[in-house]
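Read through the structure below, which is laid out as structure tokens, and then see the notes.
Start at 1 with the first residue, then count along the sequence. All ligand and atom numbering here is 1-based and tracks the order in the structure. Both backbone and side-chain heavy atoms feed into the values below; hydrogens, waters and symmetry mates do not.
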Amino acid sequence: MQFRLTDFPIFDQTNLFPMSLKASLMLVLTVIASVLIIHSCDPKPLVESPSRLSEEDILPHIKELSDDRYLGRMPFGPGDKMSVDYLVEQCKQLGLKPGNDGSYTQSVPMVEITSTATKDFVVKTGQNEQTYEFGKDYVIHCQKTIDEINIEDSELVFCGYGINAPESGWNDYEGVDMEGKIAVVLVNDPGFGGDDKAFFKGDVMTYYGRWTYKYEEADRQGAKGLLIIHETNSAGYPWFVVQSSWTGPQLGLEKESIENGADIKGWIHLDMAKDLFQSSGHDLSALIRAARTPGFKPIPLNATASTALSNVYKRDVSDNVIAYVEGKTNPEEYILYSAHWDHIGVGAPVAGDSIYNGALDNASGTAVVLSVAKNLSRQSNAPDRSVLFTFVTAEEQGLLGSEYYALHPTVPINQIVANINVDGCNPNGLMKDFQIVGIGHSEMDQITEDELLKQDRYVLPDQEPGKGYFFRSDHFNFAKVGIPALFGEGGYDHVEHGIEYGKQKKADYTSKNYHAPSDEYSPESWEMSGVVQDAQLYYNIGWRLANSKEWPKWHPSSEFRRTKTIVD
Ligand SMILES: [Zn+2]
């Protein structure tokens with residue numbers, strides 16, 4: 001189970017090309033020499049962090065924010081202002097500087113859209129006409145703030161996986177003008193289910209596999225619409241999840257890219273896809289094979305679709321809280337901590353309790369970031385670089401506060417060295433390991449491992465890389481704009497009770513407390529030592545980066561490589 005990053009295949013690039021013995025020897029000598037150089041003339045010894053974080057720095061915030069008075073911290077709800085006021089007050093008390101042009105808050109305007117189908121979904125193929133049923137066969141919605149959407153005889157084009165990945169020389173939209181047309185695409189990416197671990201990372205989900213990416217790409221391609229073919233295994237969830245998630249009100253940011261993008265987006269059931277392809281003279285299995293083959297070109301389906309939707313929308317505003325500690329020598333460079341303050345509010349009662357307190361998710365992460373801020377602000381010596389703290393809203397509604405920040409940053413994005421995101425914590429006591437979610441993207445892995453070793457701990461790789469958890473919390477929006485990000489999760493390997501105990505504890509939380517009213521703090525079931533241990537780790541990583549000239553880089557295989565080169 002024990003594991004070093006250097007054992008991880010992604011870092012083993014020495015077998016890419018066959019090497020002569022002489023070349024191998026040269027490589028070994030070069031490596032030895034560089035190791036000696038690193039150790040003999042370190043330009044500046046790493047500033048040791050003098051701070052020792054404690055339970056008292058963290059627990060009061062968890063108790064406060066998860067109190068019933070906050071009503072589950074739902075954006076726009078009564079708990080919204082209370083949470084924001086509390087966080088602003090804490091930032092002031094710590095002497096942090098306001099992070100948004102003299103203000104501690106950043107308004108995040110959001111729009112809630114409810115789309116209703118007003119006409120049947122009709123597909124014409126030659127002389128045939130087939131009508132499909134909303135909910136059972138397909139689910140579509142409109143993300144734009146317009147009242148009516150009419151689709152009339154729009155051409156359907158099969159665009160493989162809907163991926164345009166220039167770094168892999170892959171473009172499923174190659175050579176086709178999508179204006180006025182609807183793209184029909186497969187879920188996940190072409191590497192899924194294959195044997196080749198290097199091809200779109202095999203079963204590890206890449207961002208190209210997420211539906212959010214496919215939506216964005218269809219907008220960029222100027223398509224009229226996008227239909228994703230649902231398949232349970234590749235999606236990772238059954239059709240009813242699509243049905244329940246994509247019907248009813250949808251909260252989002254009002255964005256130009258969306259307003260100018262596709263009119264309809266959504267999903268079609270696998271049976272509808274089979275039927276549609278067959279009636280237009282195509283075979284789905286053959287199309288899937290073609291879509292997984294390099295050089296795939298989009299295939300017009302000789303079919304058109306017609307439908308109509310009406311939209312009801314309303315706007316509302318919540319807030320991100322932003323504050324910072326100013327750096328001593330390089331104040332224009334930033335280490336960015338993030339934690340979402342929101343949760344899901346009041347809902348269906350479970351065992352007589354209807355307040356979804358979100359103590360772990362994410363009062364705990366918010367408290368941990370406050371504890372880091374507290375310990376940084378009480379240092380007599382400020383770090384070299386500035387440290388920025390963002391407490392973002394509406395994570396649970398689709399990572400919206402962090403997305404807004406990434407689109408409207410309060411400091412230049414290319415001056416942000418790295419992001420450390422805290423979403424949840426480990427309430428089960430001291431651990432020997434620490435899980436890096438989405439491992440293999442950037443040098444943040446190595447930095448984390450260095451700091452873990454100092455705590456006598458080891459790296460646990462992402463335990464469910466096929467589920468794409470790296471794309472499901474706020475750091476993802478920072479990664480998307482090129483900021484190397486760390487998203488960790490406390491480990492499984494309990495110092496006293498071992499791995500099975502740790503796994504059981506984690507499984508218990510997921511099955512009983514995740515997004516349930518019972519996500520509450522209790523002194524009986526929470527062992528705060530693990531929370532403090534991870535808070536210290538996050539602090540140490542930030543402290544190290546804030547006192548170095550390091551710019552952690554993305555690995556070449558990552559889909560988030562910075563597009564701009566950072567000047568060292
Ligand atoms: Zn969360």
Side-chain angles (χ1 to χ4, degrees), residues 58 61-67 70-77 79-80 83-84 86-87 108 110 210 212 245 251 318-321 336-347 355-372 389-406 419-428 434-438 462-464 467-480 485-490 506-521 526 530-531 534-535 538:
I58 304 170
H61 302 305
I62 297 179
K63 286 183 178 167
E64 175 69 20
L65 289 165
S66 64
D67 191 278
Y70 284 76
L71 295 171
R73 302 186 309 282
M74 182 69 173
F76 318 138
D80 183 318
S83 308
V84 170
Y86 179 76
L87 290 169
V108 180
M110 286 176 259
R210 288 281 287 165
T212 46
S245 316
L251 194 64
S318 182
D319 289 283
N320 291 332
V321 177
L336 170 67
Y337 283 90
S338 56
H340 73 88
W341 61 255
D342 68 294
H343 194 59
I344 56 178
V346 178
I355 300 174
Y356 289 62
N357 305 79
L360 199 86
D361 186 10
N362 187 31
S364 73
T366 307
V368 163
V369 172
L370 280 172
S371 77
V372 170
F389 303 96
T390 55
F391 303 95
V392 293
T393 184
E395 190 268 357
E396 304 286 5
Q397 283 74 28
L399 321 182
L400 300 178
S402 55
E403 183 182 5
Y404 189 82
Y405 186 86
N419 168 233
I420 299 164
N421 182 51
V422 191
D423 190 356
C425 67
N426 155 38
N428 303 322
F434 178 83
Q435 187 181 168
I436 299 181
V437 177
D462 196 333
Q463 295 299 285
E464 295 176 291
K467 291 197 174 160
Y469 283 116
F470 189 72
F471 315 123
R472 298 189 188 185
S473 187
D474 296 300
H475 61 282
F476 168 57
N477 282 317
F478 303 127
K480 267 169 89 176
L486 167 68
F487 180 42
E489 267 205 35
K506 216 157 202 178
D508 285 352
Y509 170 78
T510 308
S511 62
K512 293 178 193 147
N513 303 329
Y514 174 72
H515 283 197
S518 57
D519 181 359
E520 292 173 318
Y521 171 74
W526 284 50
V531 183
D534 286 352
Y538 294 129

Q: Return the orientation label for the His475 and Phe487 ring planes: parallel under 30°, perpendicular over 60°, tilted otherwise.
A: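 The rings of His475 and Phe487 lie parallel, inter-plane angle below 30°.
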Q: For Asp474, check side chain to side chain contact (heavy atoms under 4.5 Å, CB included) against everything at least two apart and list the hits.
A: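 Partners of Asp474 by the side chain to side chain contact (heavy atoms under 4.5 Å, CB included) criterion, ordered by chain and then number, come out as His340, Val392, Glu395, Leu399, Ser402, Asn421.
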Q.
Can a donor-acceptor pair be found, under 3.5 Å and without considering hydrogens, that links the side chain of Asn419 to the backbone of Ala485?
A.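 Checked: no pair found.
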**Q.** Under 3.5 Å donor-acceptor, Arg73 side chain and Gly345 backbone
**A.**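 No, Arg73 side chain to Gly345 backbone: no donor-acceptor pair under 3.5 Å.
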Q. If you leave out waters, which protein N, O or S atoms are less than 2.8 Å from the Zn ion (ligand 1)?
A.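 Listed by chain and number: His340 NE2, Asp361 OD1, Asp423 OD1, Asp423 OD2.
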Q) So Asn477 and Tyr404, side-chain hydrogen bond (donor to acceptor under 3.5 Å, both in side chains) or not? Walk me through it. A) CA-CA 9 Å; Asn477 282 317; Tyr404 189 82; over 6 Å; no
Q) Between Thr390 and Asn320, does any side-chain donor sit less than 3.5 Å from a side-chain acceptor? A)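 Distance-only check fails for Thr390 and Asn320.
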